[in-house]
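Beneath this line is the structure, given in structure tokens, with notes to follow.
Proteins get letters first, then strands, A, B, ... in listed order; numbering begins at 1 in each. Only this structure's heavy atoms are used, side chains among them; waters, hydrogens and symmetry mates stay out.
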2 protein chains.
Amino acid sequence: MAKRKETSTNHLNREQISGVCGVAHAIDILAGRWKLFILYKLVNRTLRFRELKEHIPNITDRMLTLHLQELEADGLVTRTVYAEVPPRVEYRLTEIAARLIPVWDQLNDWGHQHRDKQLQR
Amino acid sequence: MAKRKETSTNHLNREQISGVCGVAHAIDILAGRWKLFILYKLVNRTLRFRELKEHIPNITDRMLTLHLQELEADGLVTRTVYAEVPPRVEYRLTEIAARLIPVWDQLNDWGHQHRDKQLQR
DNA sequence: TATGCAACACACAAAAATGTAAGTAATGGC
DNA sequence: GCCATTACTTACATTTTTGTGTGTTGCATA
């Protein structure tokens, strides 16, 4: 989330894998602690910073800010600033993010199946 | 990958989110640096440790071991040990992991689309 | 004049993931 | 006896992610 060290083996490995494999790239983008929660909340509606924060239990201002910045940089959300005081900033899904919704539904089903199965053991 | 501290806010947040959201749970399981690469290599075939290592550039013994252990614990791969010397250990996908293959295909398409789009900017 | 609000930024700390290097066991072949 | 092989393990270092707490801005209202 903070700046990454671009010469580290860690970083280079990440880049190489994401460059080769579309799934790895997708997971890379989606894997932040709160990102999916944020994206979920934005499905079919626009929300402002404070509203997102209220919808997502335990998230802090900082983590919400960092994740939103990354999601914006990755082209998954749009940020709109209104020239008001106090500030008003609205977030919404981009078109390419919306294309993921059906995939999320399937992943969601799988995730629930998997969790149930693991709990039986 | 090493043991996690079960009382940390980090850990508790992770658990809570994964407990509520199937997608978050799925991403949580799949998000290790080399996990998708490993799973990909195992689609439709069984491979032993050394073969996996040769198929995955730059991975180290340690990272491969750690990821395989987690994948096994999460029920995504099966580990079969043969009583030979030198040892022979084979890994294969479980049935529930195989159910993810169609989702991977879609995620893969999306990942490539997304990357192409990002590169245009 | 003091306070509150929204959406951050900043400095710092803690935890988690990843990487590096070396070592281990049992056995077969030389 | 010495070495090679396989699938690891262990100790340690580095990088990355996440969390905590405080400060900032500019205007409105009390």
Side-chain angles (χ1 to χ4, degrees), chain A residues 1-18 24 27-38 47-54 56-72 77 79-91, chain B residues 1-18 24 27-38 47-54 56-72 77 79-91:
Chain A
M1 312 300 272
K3 303 102 201 168
R4 292 164 191 155
K5 189 169 176 179
E6 308 219 339
T7 57
S8 69
T9 302
N10 185 325
H11 180 79
L12 297 176
N13 280 341
R14 179 213 298 263
E15 291 240 304
Q16 203 221 327
I17 295 174
S18 286
I27 297 279
D28 206 37
I29 287 176
L30 299 173
R33 168 76 80 250
W34 310 89
K35 279 190 186 168
L36 290 165
F37 228 111
I38 295 171
L47 290 173
R48 50 194 297 198
F49 189 90
R50 195 95 342 224
E51 289 173 318
L52 274 170
K53 200 188 165 186
E54 282 159 11
I56 304 175
N58 299 332
I59 199 171
T60 60
D61 277 19
R62 173 173 148 77
M63 288 314 295
L64 185 50
T65 300
L66 284 176
H67 278 131
L68 284 170
Q69 287 171 350
E70 288 200 356
L71 289 171
E72 194 195 0
V77 303
R79 193 174 99 108
T80 311
V81 184
Y82 296 87
E84 302 175 1
V85 170
R88 181 158 65 102
V89 181
E90 289 189 345
Y91 294 91
Chain B
M1 310 300 273
K3 304 100 200 170
R4 293 165 190 154
K5 189 168 177 182
E6 308 218 339
T7 57
S8 69
T9 302
N10 186 324
H11 180 80
L12 298 177
N13 280 341
R14 178 212 299 263
E15 292 240 303
Q16 203 222 326
I17 295 173
S18 286
I27 296 280
D28 206 35
I29 287 176
L30 299 173
R33 167 76 79 248
W34 311 87
K35 280 189 184 166
L36 290 165
F37 228 112
I38 295 170
L47 291 173
R48 49 194 298 198
F49 189 90
R50 193 97 342 225
E51 291 173 318
L52 273 170
K53 199 187 167 189
E54 282 158 12
I56 304 176
N58 299 330
I59 198 170
T60 61
D61 276 18
R62 173 173 147 77
M63 287 315 293
L64 184 51
T65 301
L66 284 176
H67 278 132
L68 284 170
Q69 287 172 348
E70 288 200 356
L71 290 170
E72 195 195 359
V77 303
R79 193 174 99 108
T80 312
V81 184
Y82 296 87
E84 301 175 5
V85 169
R88 180 157 66 100
V89 182
E90 289 189 346
Y91 294 91

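One atom, CG of L68(A), and another, P of dA9(C), lie 11 Å apart when rounded to the nearest Å. Rounding to whole angstrom units, NE2 of residue H67(A) and P of dT16(D) are separated by 16 Å. One interatomic measurement links the two molecules: CZ of R33(B) to P of dT15(D), which rounds to 13 Å at whole-angstrom precision. Atom CD in E70(A) sits about 9 Å away from atom C1' in dT17(D), given to the nearest Å. Going from atom CG of L47(A) over to atom P of dA7(C) covers 11 Å, rounded to whole Å. Between N13(A) atom CG and dT20(C) atom C1' there is a gap of 13 Å when expressed in whole angstrom units. If you take CG of L66(A) and C1' of dC8(C), they are 11 Å apart, rounded to a whole angstrom. Here dT17(D) presents its C1' atom at 16 Å from CG of L64(A), a figure rounded to the nearest Å.
The backbone N or O of P87(A) lies less than 3.5 Å from a partner atom in the side chain of R48(A), making a donor-acceptor pair. Judged by distance alone, with hydrogens and angles left aside, the side-chain atoms of K35(A) form a donor-acceptor pair with the main-chain N or O of I29(A) at under 3.5 Å. R33(A) contributes a side-chain N or O that, together with a main-chain N or O of N10(B), makes up a donor-acceptor pair within less than 3.5 Å. Panel note: side chain R79(B), backbone L68(B); no donor-acceptor pair is recorded below 3.5 Å.
The structure places CE of M63(A) at 11.0 Å from CD1 of I56(A), a figure rounded to the nearest 0.5 Å. To the nearest 0.5 angstrom, L47(A) atom CG is 10.0 Å from E54(A) atom CD.
Using a 4.0 Å heavy-atom cutoff across all strands shown, Y91(A) reaches sugar-phosphate atoms only and no base atom. Residue contacts for Q69(B): at a heavy-atom cut-off of 4.0 Å it reaches the sugar-phosphate backbone alone, with no base atom in range. If you check every strand for non-hydrogen atoms under 4.0 Å, E6(A) touches nothing.
The shortest heavy-atom contact between W34(A) and P57(A) is CZ3-O, 3.3 Å. The shortest heavy-atom contact between F49(B) and D61(B) is CZ-O, 3.8 Å. The two atoms that bring I27(A) and A31(B) nearest to each other are CG2-CA, 3.9 Å, heavy atoms only.
Within the 4.0 Å cut-off from OP1 or OP2 of dA7(D), not a single side-chain nitrogen or oxygen of R79(B) is found.
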Could you write out each protein N or O paired with an N or O of nucleotides 2-6 of chain D at a distance under 3.5 Å?
{"unit_1": "dT6(D)", "atom_1": "O3'", "unit_2": "R48(B)", "atom_2": "NH2", "d": "3.2"}
{"unit_1": "dT6(D)", "atom_1": "O3'", "unit_2": "P87(B)", "atom_2": "O", "d": "2.8"}

Provide a list of protein-nucleic acid N or O atom pairs under 3.5 angstrom, restricted to nucleotides 20-22 of chain D.
{"unit_1": "dT20(D)", "atom_1": "OP1", "unit_2": "T9(B)", "atom_2": "OG1", "d": "3.4"}
{"unit_1": "dT20(D)", "atom_1": "O4", "unit_2": "R62(A)", "atom_2": "NE", "d": "3.2"}

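Where R14(A) and E51(A) meet DNA chain C, the nucleotide closest to each residue was compared, and E51(A) sits on the side nearer the 5' end.
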